[in-house]
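Residue numbers start at 1 and run along the sequence shown.
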Amino acid sequence: MKLLPIIGSLLISAKPVQAIETFEELRKTCKASEEMDKICAGAAEYVGTMGWVSLLCTLEEKGRLTKENLVLTWDELYELDGWTPLGNEAVYDTLKDYPECSIKPLP
């Protein structure tokens, strides 16, 4: 019974978070602190990697990109940008949706 007033006061004190609607708002939020900058960079790397993997696997699936060209493209992308554990995790997560894709997570 004592928890009810505590829960009620927590609900009343909760404020909605303002949505970020423009790139300028996003940039301002990400640059607010070093920690936020790292969080935004990590999110961008993860989502960007998922986008590349999805695009390449879809092109292979539709026959617009051969297995050989897909692997060559993936190797070139790796050499260009380097790689991180977060990027590799994004590859693993994305490949769950593309089990026949020729892309393999990098060492």
Side-chain angles (χ1 to χ4, degrees):
M1 203 60 179
K2 292 181 181 182
L3 287 178
L4 194 58
I6 294 172
I7 293 171
S9 64
L10 287 174
L11 291 174
I12 291 171
S13 67
K15 295 180 181 179
V17 176
Q18 180 181 350
I20 295 173
E21 297 178 353
T22 66
F23 184 72
E24 192 55 44
E25 290 173 345
L26 177 63
R27 183 190 332 248
K28 183 178 177 182
T29 301
C30 287
K31 297 298 179 188
S33 69
E34 186 176 336
E35 183 177 336
M36 281 302 297
D37 190 44
K38 288 179 182 179
I39 289 169
C40 290
E45 178 184 353
Y46 187 84
V47 171
T49 302
M50 289 182 82
W52 274 108
V53 173
S54 296
L55 173 65
L56 293 173
C57 291
T58 299
L59 290 174
E60 181 189 31
E61 191 176 84
K62 292 183 178 200
R64 295 184 180 149
L65 191 58
T66 65
K67 176 181 178 174
E68 293 78 20
N69 284 336
L70 173 67
V71 171
L72 178 63
T73 302
W74 188 246
D75 289 344
E76 290 171 345
L77 182 65
Y78 168 73
E79 288 177 15
L80 178 68
D81 290 338
W83 213 245
T84 67
L86 183 59
N88 223 25
E89 187 174 336
V91 174
Y92 277 111
D93 290 346
T94 307
L95 289 177
K96 291 175 186 173
D97 295 331
Y98 300 92
E100 302 298 319
C101 189
S102 299
I103 289 177
K104 300 300 175 229
L106 300 167

Worksheet item: From Thr58 OG1 over to Arg64 CZ, what is the distance, rounded to the nearest 0.5 angstrom?
Response: 10.0 Å
Worksheet item: Could you state the interatomic distance from CE (Met50) to CD (Glu89), rounded to the nearest 0.5 Å?
Response: 10.0 Å
Practice prompt. Go through the steps for Glu60 and Cys101 under the test side-chain contact (heavy atoms from CB on, under 4.5 Å), then give the verdict.
Written response: CA-CA 7 Å; Glu60 181 189 31; Cys101 189; 3.6 Å; yes
Practice prompt. Could you identify which residues cluster with Leu26, counting Ile, Leu, Val, Met, Phe, Trp and Tyr as linked when any side-chain heavy atoms lie under 4.5 Å apart, either directly or through a chain of such contacts?
Written response: Ile20, Phe23
Item to complete: Report the residues that fulfil salt bridge (Lys or Arg N to Asp or Glu O under 4.0 Å) with Glu34, sequence neighbours left out, ordered by chain and then residue number.
Response: Lys38
Worksheet, complete the sentence: Sequence neighbours excluded, the answer for side chain to side chain donor-acceptor pair (under 3.5 Å) partners of Glu45 is Thr84
Fill in: Derivation and outcome, side-chain contact (heavy atoms from CB on, under 4.5 Å), residues Tyr46 and Asp93
CA-CA 10 Å; Tyr46 187 84; Asp93 290 346; 2.3 Å; yes
Practice prompt. Return the set of residues passing salt bridge (Lys or Arg N to Asp or Glu O under 4.0 Å) with Lys62 (not counting sequence neighbours), or none when no residue passes.
Written response: none
Discussion item. Using a strict threshold of under 4.0 Å (side-chain N to carboxylate O), is an ion pair present between Glu25 and Lys28?
Written reply: no
Worksheet, complete the sentence: By salt bridge (Lys or Arg N to Asp or Glu O under 4.0 Å), Asp37 pairs with (sequence neighbours left out) Lys31
Worksheet entry | Lys67: salt bridge (Lys or Arg N to Asp or Glu O under 4.0 Å) partners, not counting sequence neighbours | none
Response to the item:
When every non-hydrogen atom of Leu86 is compared with those of Gly42, the smallest separation belongs to CD2-O, 3.2 Å
Worksheet entry | hydrophobic_cluster_shared for Val91 and Leu59, side chain cutoff 4.5 Å | yes
